[in-house]
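This report refers to the structure that appears directly beneath it.
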Amino acid sequence: MLDIKLVRDKTDTVIDALEKRGEDTAILSKTLDIENKRRDLLKIVEEQRERRNKLTGEIGKLKKKGEDASSILEDAKKISDEITLKEHKLRELESLASQELLLIPNIPHDSVPVGRDETENIELRAVGKIPEFAFDPRNHWDIGEDTGILDFERASKIAGARFVLYMGAGARLERALINFMLDLHTGEFGYTEIFPPVIVNKEAMTGTGQLPKFENDLFKMENDKKGFYLIPTAEVPVTNIHRNEILNEEDLPVYYAACTPCFRREAGSYGKDTRGLIRQHQFNKVELVKFVKPEDSYDELEALTKNAEEVLKRLGIAYRVVALCTGDLGFAAAKTYDIEIWFPAQGKYREVSSCSNFVDFQARRADIRFKRKGKKGTEFVHTLNGSGLAIGRTLAAVLENFQQEDGSVIIPEVLRPFMGTDRIRP
RNA sequence: GGAGAGGUGGCCGAGUGGUCGAAGGCAGCCGCCUGCUAAGCGGUUGUGGGGGUAAAACUUCACCCAGGGUUCGAAUCCCUGCCUCUCCGCCA
């Protein structure tokens, strides 16, 4: 969430940010209205509390001396009752104010291109050679079914639409990709491997920004009064590792890498990507998460993106990096690069990674701070994350990019140690 | 699932109704002293909000797991929740 002081003192900046995102600015005036009422009341309550504290102090002294305190006692009771009333009202205002504040999106960084939607995203670089085929390249689901490594029909019997069953070399390929990516990030780029819970509570979801606004995108455990949710990305549990903590300056930066299943309801995407691995209710993803000092976060975003890109370079698949425009930027992000991987059958790039700097937005929600050596007070850390990469989509791209005319698929060099073979055959 | 114990500052640990933001110890920081891989002595060290200042100083409110309640007044009493630990059962 945003700093309420910023909303108060630099309202124009926030209005500008909302407009660039294409969001309604009405929420701001509502928030400010509540906030002003809250502050006014807070002032009154604090003054009254001060008076009460003085009175009760005197009562204490008198009682100790064994003297009569009944006259002050009456005053004290009266003011105390007033305070109780006003405190209730104050609590109401506080919760209203924070409810509103939680719905305001982050302010885009100055370097983010202004635009309405994904058509105005900007391609920064395209890397690798787009493969040419002497035949019509086939869709990955056809390849997967013909080689017997993907079974969508049985998955739908077991679970439903938008699920997949990996079998044999398919399951092995999924695992190979996971191991390859995790080994790369932990072994070469300094990330610490994490295996977190994939069920989290409401506080964790609120900390990273999925709640309260995007409840509809999540799977929720109905059978449990605690309100558990299935994670839509490892970002949630991993960022929340340090919720309500104050880190030491010398501990930063912290880099974590985690591979988890991700669960998404995909409500409202009924017509889209109904076939194949692109859009599933459950998929695996290697996620990179960073906690850094504010002055480093934009450099860290570049580095994070490079780390994710390296996976594709080594796999030898063409990709491009695009900068999301203001209208396409996620709720909590200040800046985002998407990495898109080449899909020959569709003849276009599809997203496999989204790398974002959230600056202090998540840190404020989740209360993740750090203390500079020799300085008083604390500051919010900056958090970042990015996929490094989505496994299912990468696997799909491997099948499509390395398919052969005879129906087999050549396994990229870097995966062979994990696969134990250089080819998947029909 | 059953039974019990407990949650206090960076850590350990006192405190069961009033002057407690909290004794004492450890750790950290500053200074003195000392000449040997350190000890002794003195001082100091939480977080958030409001006001105030150029910035400080200063001032005020809140915070002893969380949320309610009792009371003039709560770390201290009551209720609810969460978490941790021990034993039994069960389970991968």
Side-chain angles (χ1 to χ4, degrees), chain A residues 1-9 31-32 34-102 195-207 211 221 223-229 237 240-252 254 261 360-381:
Chain A
M1 72 191 148
L2 299 178
D3 187 353
I4 185 66
K5 278 191 231 159
L6 182 83
V7 179
R8 242 162 33 204
D9 302 338
T31 308
L32 280 173
I34 296 166
E35 168 62 9
N36 287 333
K37 282 187 188 146
R38 182 191 73 84
R39 273 211 306 166
D40 291 346
L41 187 60
L42 180 66
K43 204 170 171 185
I44 294 168
V45 169
E46 290 198 344
E47 280 164 9
Q48 289 194 325
R49 286 206 273 232
E50 185 179 353
R51 271 213 286 155
R52 184 193 60 192
N53 287 348
K54 291 201 168 122
L55 289 178
T56 59
E58 282 177 46
I59 291 169
K61 276 183 209 152
L62 288 175
K63 291 245 166 157
K64 200 144 227 175
K65 281 191 265 177
E67 291 176 27
D68 176 52
S70 54
S71 63
I72 309 178
L73 223 128
E74 224 169 277
D75 281 353
K77 176 151 180 62
K78 221 169 92 186
I79 196 164
S80 211
D81 287 345
E82 276 178 46
I83 290 172
T84 307
L85 272 174
K86 292 199 173 109
E87 276 177 342
H88 279 110
K89 180 75 188 160
L90 185 64
R91 237 174 273 146
E92 238 170 76
L93 286 171
E94 275 168 356
S95 84
L96 276 176
S98 64
Q99 274 171 40
E100 293 301 318
L101 207 54
L102 287 173
F195 200 101
V198 300
I199 294 177
V200 301
N201 58 34
K202 197 173 146 196
E203 287 71 31
M205 284 292 187
T206 305
L211 289 179
M221 309 286 169
N223 196 19
D224 195 296
K225 62 179 187 222
K226 283 175 188 160
F228 284 137
Y229 295 85
N240 277 283
I241 287 173
H242 295 299
R243 178 152 53 90
N244 293 127
E245 288 186 11
I246 300 173
L247 305 169
N248 293 316
E249 180 179 16
E250 57 267 32
D251 295 336
L252 297 176
V254 174
D360 59 2
F361 189 87
Q362 291 182 327
R364 186 172 290 105
R365 284 176 166 247
D367 190 25
I368 307 168
R369 291 172 286 161
F370 78 103
K371 191 171 178 55
R372 287 191 200 268
K373 217 170 161 56
K375 276 193 91 178
K376 278 198 99 158
T378 57
E379 294 172 53
F380 289 111
V381 302

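Every chain is numbered from 1, with letters handed out A, B, ... down the list of sequences.
B:U34 and B:C41 have their P atoms separated by 16 Å, with the value rounded to a whole Å. Remark: the separation of the C1' atoms in B:G18 and B:A5 is 30 Å, to the nearest Å. Distance noted for atom C1' between B:C83 and B:C65: 8 Å (whole Å). Spacing of P atoms, B:A56 relative to B:U47, comes out at 15 Å, to the nearest Å. Here, B:G73 and B:G17 have their C1' atoms 8 Å apart, quoted to the whole Å. Distance noted for atom P between B:C91 and B:G6: 31 Å (whole Å). To the nearest whole angstrom, the two C1' atoms, one in B:U37 and one in B:C20, are 42 Å apart. Taking atom P in both B:U86 and B:G25, the straight-line distance is 32 Å, to the nearest Å.
Distance, A:Arg49 CZ to B:G51 P: 15 Å, rounded to whole Å. Following rounding to the nearest Å, A:Asp3 (CG) and B:G48 (C1') show an atom-to-atom distance of 13 Å. The NZ-P distance, from A:Lys61 to B:C20, rounds to 12 Å in whole Å. Between A:Glu250 atom CD and B:G28 atom C1' there is a gap of 12 Å when expressed in whole angstrom units. Put simply, CZ on A:Phe380 is 13 Å from P on B:U47, counting in whole angstrom units. Across the protein-nucleic acid pair, A:Lys202 atom NZ and B:C82 atom P stand 14 Å apart, rounded to whole Å. Rounded to an integer number of Å, the gap from A:Asn244 CG to B:G46 P is 21 Å. Between A:Glu94 atom CD and B:A62 atom P the separation is 13 Å, expressed in whole Å.
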Can you check nucleotides 68-76 of chain B for protein contacts, nitrogen or oxygen pairs under 3.5 Å, and list what you find?
unit_1 : atom_1 : unit_2  : atom_2 : d
B:G68  : OP1    : A:Arg91 : NE     : 3.0
B:G68  : OP1    : A:Arg91 : NH1    : 3.4
B:G69  : OP1    : A:His88 : NE2    : 2.8
B:C72  : OP2    : A:Lys77 : NZ     : 3.3
B:C72  : O3'    : A:Ser80 : OG     : 3.1
B:G73  : OP1    : A:Ser80 : OG     : 2.5

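Checked by atom type and distance alone, the side chain of A:Arg51 never pairs as donor or acceptor with a backbone atom of A:Ile79 at under 3.5 Å.
For B:A14, there is no paired nucleotide, since no Watson-Crick or G-U wobble pair has both relevant distances below 3.5 Å. Of all nucleotides present, none satisfies the Watson-Crick or G-U wobble test against B:A22 with each distance under 3.5 Å. Pairing of B:A75, defined by two Watson-Crick or G-U wobble distances under 3.5 Å, is not identified with any nucleotide. B:U86 is paired with B:A3 under the criterion used here, namely a Watson-Crick or G-U wobble arrangement in which both key atom distances are under 3.5 Å. Using the Watson-Crick or G-U wobble rule with both distances under 3.5 Å, B:C33 pairs with nothing in any strand shown. A 3.5 Å limit on both hydrogen-bonding distances identifies no Watson-Crick or G-U partner for B:A56. B:A92 makes up no base pair with any nucleotide shown, lacking Watson-Crick or G-U wobble contacts both under 3.5 Å. The partner of B:A66, taking Watson-Crick or G-U wobble pairs whose two distances both stay under 3.5 Å, is B:U80.
The pair A:Asp9-A:Lys5 does not count as a salt bridge, with every side-chain nitrogen at least 4.0 angstrom from each carboxylate oxygen. Checked for salt-bridge contact, A:Glu379 and A:Arg372 meet the test: a charged N lies under 4.0 Å from a carboxylate O.
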**Request:** Could you please spell out the steps behind the salt bridge (Lys or Arg N to Asp or Glu O under 4.0 Å) verdict for A:Lys54 and A:Glu58?
**Result:** CA-CA 6 Å; A:Lys54 291 201 168 122; A:Glu58 282 177 46; over 6 Å; no

**Asked** Could you go step by step and tell me if A:Met1 and A:Gln362 meet the side-chain contact (heavy atoms from CB on, under 4.5 Å) rule?
**Response** CA-CA 7 Å; A:Met1 72 191 148; A:Gln362 291 182 327; over 6 Å; no

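Here the nucleotide nearest the side chain of A:Lys5, chosen from B:C61, B:G50, B:U47, is B:G50.
Two residues, A:Ile246 and A:Arg39, neighbour RNA chain B, and the one matched to the more 5' nucleotide by heavy-atom proximity is A:Ile246.
The base of B:G51 does not come close enough to the side chain of A:Glu46 for any donor and acceptor atom to sit less than 3.5 Å apart.
Applying the salt bridge (Lys or Arg N to Asp or Glu O under 4.0 Å) rule to A:Lys43 yields no partners; only residues at least two apart in sequence or on another chain are considered. Partners of A:Glu47 according to the salt bridge (Lys or Arg N to Asp or Glu O under 4.0 Å) rule, which considers only residues two or more places apart in sequence or in another chain, do not exist here.
Nucleic acid contact for A:Lys371: sugar-phosphate only, since backbone atoms but no base atoms lie under 4.0 Å from a heavy atom of the residue. Using a 4.0 Å heavy-atom criterion, one finds that A:Asn53 contacts the sugar-phosphate atoms exclusively. Contact annotation for A:Arg8: backbone-only contact, meaning every heavy-atom pair under 4.0 Å involves sugar-phosphate atoms and none involves a base.
In the displayed structure, A:Glu87 atom CD is contacted under 6.0 Å by more than 12 heavy atoms of other residues, nucleotides or ligands.
Between A:Arg243 and A:Ala204, the closest heavy-atom pair is NH2-N, 3.9 Å.
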